[in-house]
Every structure is written in C-alpha cells, then in structure tokens.
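What follows is a single structure, written as structure tokens, with notes after it.
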Amino acid sequence: MSSKTAQELALPVGVTLDRFIMLSQSAFPYATGELSQLLRDIGLAGKIINREINRAGLVDIAGGNGTENVQGENQQKLDIVANIRFIRALKNGGEVCAILSEEDEDIIHTGNDHGKYIVAMDPLDGSSNIDVNVSIGTIFSIYRRVTPIGSAATMEDFLQGGRKQIAAGYILYGSSTMLVFSTGDDVNGFTLDQSLGEFILSHKSIYSPKNGTIFSVNEGNYYSYLPAVQKYLDDCKRKGFSARYIGSLVGDFHRNLLKGGIYLYPSTKKDPKGKLRLLYECYPLAFLAEKSGGKASDGFGPILDIVPTSFHQRSPIYVGSETMVDEVLKP
Ligand SMILES: O=P(O)(O)OC[C@H]1O[C@](O)(COP(=O)(O)O)[C@@H](O)[C@@H]1O
Ligand SMILES: [Mg+2]
Ligand SMILES: [Mg+2]
C-alpha cells in the first residue's frame, strides 16, 4: 500500500487504525482501497474475537470441542469460534476470494471471486493457553492472487512463497489487545481502546533491538534438540540470559520484538520438520521480523526463501533479534 513509513507520513501516535489506513493509502496514488478495506475487516474480526475471548469463561465457549483439525490436534471451542468469526468478517468484507486456515484442511472459497486478495491464517494461536487466561493471538498473511479475477482461487495462489506476501500481522489478546502489522514498509502496533472500540496507533515504526538477552523455547524438549541447539541454549544460560516462554507464539514473538530476544521452535525427535506451520505462522512472523530489522531462519536459510509445497507444511523456526539468530546459526 504505502511506500512511506508511518514516520515519513508523520502519523502521530494516537491516530485511529481507520485514519492511519486512509492516510497511508493517500500517500500511494494508485491505491484502489481494497487492501485498506481488508485491513479494516481484519481489525473488525479482531474486535469480535477479542469480545468472545474476554467472555469465554462466562458462556459455554471454554474448553475442548471434541473435534480434531487437519493437524490431528484437538480443537478448542475458541479455535472454532475464532475461525468462523474471521471467515465471516473476510467474506462480508468482499475483498478476499479465498482463505487458508489452520483449522480447515482445504481452501475456503468465500464466494467473492472478484476479490483480489487471499489470506492464510491461524485464527487462534496458543490454543493450549486458551482456558488458563494467558495471552493468545491470531496470525494472518495476505497475498495478491495470481489466478484470474473472477475465477476460483487455487493452490497456486497459496503457494507463492513468503516473499510474495504483501502484508502480514497478528492480533495479540493479552493484558491489552493489540493489532500489529506491516504492508511491506515498517511495522506498526495499534492498541484496542475497549471503551471506544477503536484500534489506536500506540507503537509506531517498531524496530526490533539488534541484540537481546531473552530466549524463548520449550526447554521440556531440550534432550530432543540437535546438539548445536543444546549448545546455544547452554550458552544463553551461561551468559545469564532470561528464559521466557509462554507457549503462545504470538505472545513470545511480541515480547521479543519489543525487548530484543529470540524465539526458537527447532526440529525435535517428535516433530523432525518442526512444529509450527510455514504458511500461517512462520511466513507472517518472518515478514514482520525482517521489516523490523530482525531475522527469521529455519536453520538453513531465511524462512521467507523456503519454497512452499503444501498448505499445512511445518518448518523449524529461529526468529528474533538479528545477532541472536546469527548466533544460533553459527556452525
Ligand atoms: O507446547 P509447545 O510444544 O511448546 O508448543 C507451543 C507452540 O505451539 C503453538 O501453540 C502452536 O500454535 P496453535 O496454538 O495455533 O496450534 C504456538 O503458539 C506455541 O508457541
Ligand atoms: Mg499457532
Ligand atoms: Mg491456532
């Protein structure tokens, strides 16, 4: 959308998401407004899911749903609710022709075949934390479709590769609710003012510290990590770094983005290809990491350079402050 950063556009902290989108778009003469509308639709979906999460314990949407998703994971009721709400908001918005979701095996065609965009999403990230009131999130990745407008989207649209993302972001449902995204330039964060029901620019042009002293990893898997990863973790401890891991990728990523740090989900004996999903977890966060001065690797090269082959493929991931990612990759 905009070829200018929030800084260059002199967009003040405190501006609403709507106004931010409008002003950013005005800096790009050829913008036609569809991506702007799509970002608004995502903001709306975020508010709706935020409301559902806040009252989950009061109404019967806490706990397991008794169903499994394509990954063989037990779906939580809120996984389903978030999935339905997000799909509905994108359908009603009219800009998205198709969606790929962690909770559905195949492409969801929205019926908006004239929509220019496709979205890959993790409707509810950090499912193991849903019922225990720990931060959870939603992750999204946006592409321009490559198949003809008016036709049904196909696999080709979703397997374009991470560098073809035109926007990506997440919504963090934590002590406050935040929407953080980039449309290719800088990364900006908006905090939901619950009383106004508005996302307000609170974190402008976020830049990830080059180095950090926080490492986020499931230490419970320590003995099933490769020796090089074990050595890296031992070094972090010898250096007195802080171990911080809440088990919600969005929450761990967000902390490290602001404070400096690294999140690792390496391959394990149980998940030799890694646990996290390339299209709707690794790619979008790698996009944000790179746009904010950080790095994201699968241990062999940049996450964004991985050529995708299937919708729900997994990848090891090392993401965060540049120096820390370089350190873990050192031979
Ligand atoms: O329990 P583990 O193995 O440490 O895995 C935790 C990781 O898995 C996830 O929960 C996977 O995401 P979902 O909750 O969307 O399936 C991440 O948010 C988190 O970082
Ligand atoms: Mg997830
Ligand atoms: Mg999920």
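In each ligand, atom 1 is the first atom listed, and ligand 1 is the first ligand listed. These numbers come from a predicted model, not from an experiment.
- Under a 4.0 Å heavy-atom criterion, L124 is in contact with ligand 1.
- A donor-acceptor contact shorter than 3.5 Å links the side chain of R145 to the backbone of D113.
- Using modelled atom types, one side-chain atom of N112 and one backbone atom of V96 make a donor-acceptor pair closer than 3.5 Å.
- Side-chain N/O atoms of N83 and D104 include a donor and acceptor closer than 3.5 Å.
- Of all N, O or S atoms in E102, the one lying closest to the Mg ion (ligand 3) is OE1.
- Residue contact check for ligand 1: G247 places a non-hydrogen atom closer than 4.0 Å to it.
- Salt bridge present: E290 and R163 bring a charged side-chain N and a carboxylate O closer than 4.0 Å.
- The closest approach of D122 to the Mg ion (ligand 3), by N/O/S atoms, is made by OD1.
- Side-chain polar atoms of D41 and Q37 form a donor-acceptor pair below 3.5 angstrom.
- Applying the 4.0 Å criterion to heavy atoms of D122 picks out, from ligand 1, the atoms 15 (O).
- Ligand 1 is never approached by Q71 to a heavy-atom distance shorter than 4.0 Å.
- Within the 4.0 Å heavy-atom criterion, the part of S248 lying near ligand 1 is the backbone and not the side chain.
- Other residues, nucleotides and ligands place more than 12 heavy atoms under 6.0 Å from the CD atom of Q230.
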